[in-house]
Amino acid sequence: MRSYTRIVGTGAYLPEKVLTNQDLEAMLDTSDEWIRERTGIRERHIVAEGERCSRLAEVASRRALAAADIDPATLDFIVVATTTPDQVFPSTACFLQRRLGIRDCCAFDIVAGCTGFVYALGMIDQFIRTGGIKRALIVGAEILSYIVDWQDRDTAVLFGDGAGAVVVEVGSEPGILSSHLHAEGAYTDILQVPGGVGDRTRNSYIEMRGNELFKVAVTSLSDVVEETLKANGMQKSELDWLVPHQANFRIIQAVARRLKVPLDRVIITVGEHANTSSASIPLAFDLAIRDGRIRRGQTVLMEAFGGGITWGSVLLVY
Ligand SMILES: CC(C)(COP(=O)(O)OP(=O)(O)OC[C@H]1O[C@@H](n2cnc3c(N)ncnc32)[C@H](O)[C@@H]1OP(=O)(O)O)[C@@H](O)C(=O)NCCC(=O)NCCS
């Protein structure tokens with residue numbers, strides 16, 4: 001009998017502080033109207049000073065574990081997708097493991113820009129389907145406010161902080177049907193934080209060539225969506241829900257239009273969360289499960305795009 005990876009619990013966490021477009025108007029040469037028209041963003045959540053990525057991850061994880069009614073000690077694997085880890089090393093996953101009070105399971109981080117959560121889900125699916133592990137915690141957690149240059153209106157208006165988590169385990173009912181993961185290193189310089197290990201002179205904030213990125217995003221997302229449907233012999237009309245990475249409402253709209261998925265079948269949180277990178281899909285997914293839109297047995301397509309560049313999709317039956 002075929003084994004599947006099934007999502008058995010979800011959780012999310014958004015920091016309390018909300019930064020609105022009006023707040024940004026007081027800080028930058030920008031306007032609420034410009035931000036809403038170009039991106040669909042109205043507000044974003046921002047961490048309190050000193051808050052760490054593993055702390056956001058912990059709250060989301062505890063909620064996901066509670067929803068699944070699972071003892072954290074039974075986890076085989078913890079993966080945290082993040083571009084804003086607590087430290088260079090140890091991994092945020094190890095800090096999260098410690099916060100959860102558990103010992104001796106595999107734990108590491110994935111860096112795949114905003115596609116990190118989709119990469120993690122796709123990778124864990126391979127471990128579970130081949131029988132290597134039974135149960136895993138997968139988290140997308142980001143504190144992008146720490147790597148945003150608050151003087152730069154091109155990028156400061158786009159990002160927010162938050163975390164989302166899922167608990168997955170092996171099952172015999174359909175769960176993840178396929179994942180499709182891509183990267184194209186030729187585009188490393190269109191979205192990046194140049195500063196890093198070994199060179200203190202380089203900028204340690206997000207740099208982005210927004211226009212170019214926009215075009216590449218729409219093309220690669222449309223391609224990966226077609227690839228996913230084809231691999232599963234599915235028609236566009238068979239999808240119940242699209243849960244896209246929440247970078248920009250116009251990108252979401254363009255991909256939904258190509259897919260012929262009406263917007264009321266797309267989970268959209270970019271207005272309230274802005275772009276939370278690898279946290280955006282698990283945040284949106286959790287919200288739609290808790291408010292009753294996404295129900296058991298429905299087909300969900302997740303798709304993401306981010307720095308690298310990376311892009312990918314996961315098709316699943318919830
Ligand atoms: C960033 C983005 C919203 C900009 O929208 P755009 O329609 O491409 O706008 P442009 O970059 O052409 O800029 C238009 C003008 O607005 C200005 N502008 C840029 N940011 C602004 C802001 N926050 N407020 C007001 N004006 C702004 C620009 O300086 C430019 O002015 P100019 O015409 O005088 O030179 C859009 O390109 C985008 O969403 N790209 C993808 C970003 C993304 O998804 N990143 C994350 C991927 S994971």
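Each ligand, and each atom within it, is numbered from 1 in the order the structure gives.
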Item to check | ligand 1-proximal atoms of T30, by part, heavy-atom distance under 4.0 Å | outcome: both
Item to check | Region of V157 that comes within reach of ligand 1 [heavy atoms, distance under 4.0 Å] | outcome: side chain
Item to check | Interatomic distance, E51 atom CD to I46 atom CD1 [nearest 0.5 angstrom] | outcome: 11.0 Å
Checklist entry - Out of curiosity, does V166 fall in the hydrophobic cluster containing Y4 (side-chain heavy atoms, cut-off under 4.5 Å, transitive links)? => result no
Item to check | Heavy-atom protein neighbour under 4.0 angstrom from atom 34 (O) of ligand 1 | outcome: no
Checklist outcome for this item: A student checking ligand 1 against C114 at a 4.0 Å heavy-atom cut-off should list atoms 48 (S)
Checklist entry - Can you find a side-chain donor-acceptor pair between D161 and S145 that sits under 3.5 Å? => result yes
Checklist entry - Are the side chains of L242 and I267 in touch, meaning some heavy atoms are under 4.5 Å apart? => result no
Next on the checklist: Among E25, R153, R250, R38, which one puts a heavy atom closest to atom 23 (N) of ligand 1?
Outcome noted: R153
Next on the checklist: List ligand 1 atoms under 4.0 Å from F305, heavy atoms only on the residue side.
Outcome noted: 48 (S)
Next on the checklist: Applying a heavy-atom cut-off of 4.0 Å, say which part of L28 lies close to ligand 1: side chain, backbone, both or neither.
Outcome noted: neither
Next on the checklist: With the threshold set strictly below 4.0 angstrom, can you tell me whether any protein non-hydrogen atom sits that near atom 2 (C) of ligand 1?
Outcome noted: no
Item to check | atom 44 (O) of ligand 1 - nearest protein heavy atom and its distance | outcome: A247 CB, 3.4 Å
Checklist entry - Which residue and non-hydrogen atom of the protein lie closest to atom 41 (C) of ligand 1, and at what distance in Å? => result G210 O, 3.5 Å
Next on the checklist: Give me the nearest non-hydrogen protein atom to atom 39 (O) of ligand 1 as residue plus atom name, then the distance to 0.1 Å.
Outcome noted: N248 ND2, 2.6 Å
Checklist entry - In the protein, which heavy atom is nearest to atom 10 (P) of ligand 1, and how far is it? => result N211 ND2, 3.8 Å
Checklist entry - With a cut-off of 4.0 Å, which atoms of ligand 1 are near a heavy atom of N275? => result 46 (C), 48 (S)
Checklist entry - Heavy-atom contact under 4.0 Å between I35 and ligand 1? => result no
Checklist entry - Between K230 and E227, is there a salt bridge with N-O shorter than 4.0 Å? => result no
Item to check | Side chain to side chain, L137 and F77, heavy atoms closer than 4.5 Å | outcome: no
Checklist outcome for this item: To the nearest 0.5 Å, atom NE2 of H273 lies from atom OG of S280 at 9.5 Å
Checklist entry - For ligand 1, which atoms sit closer than 4.0 Å to a heavy atom of T39? => result 3 (C)
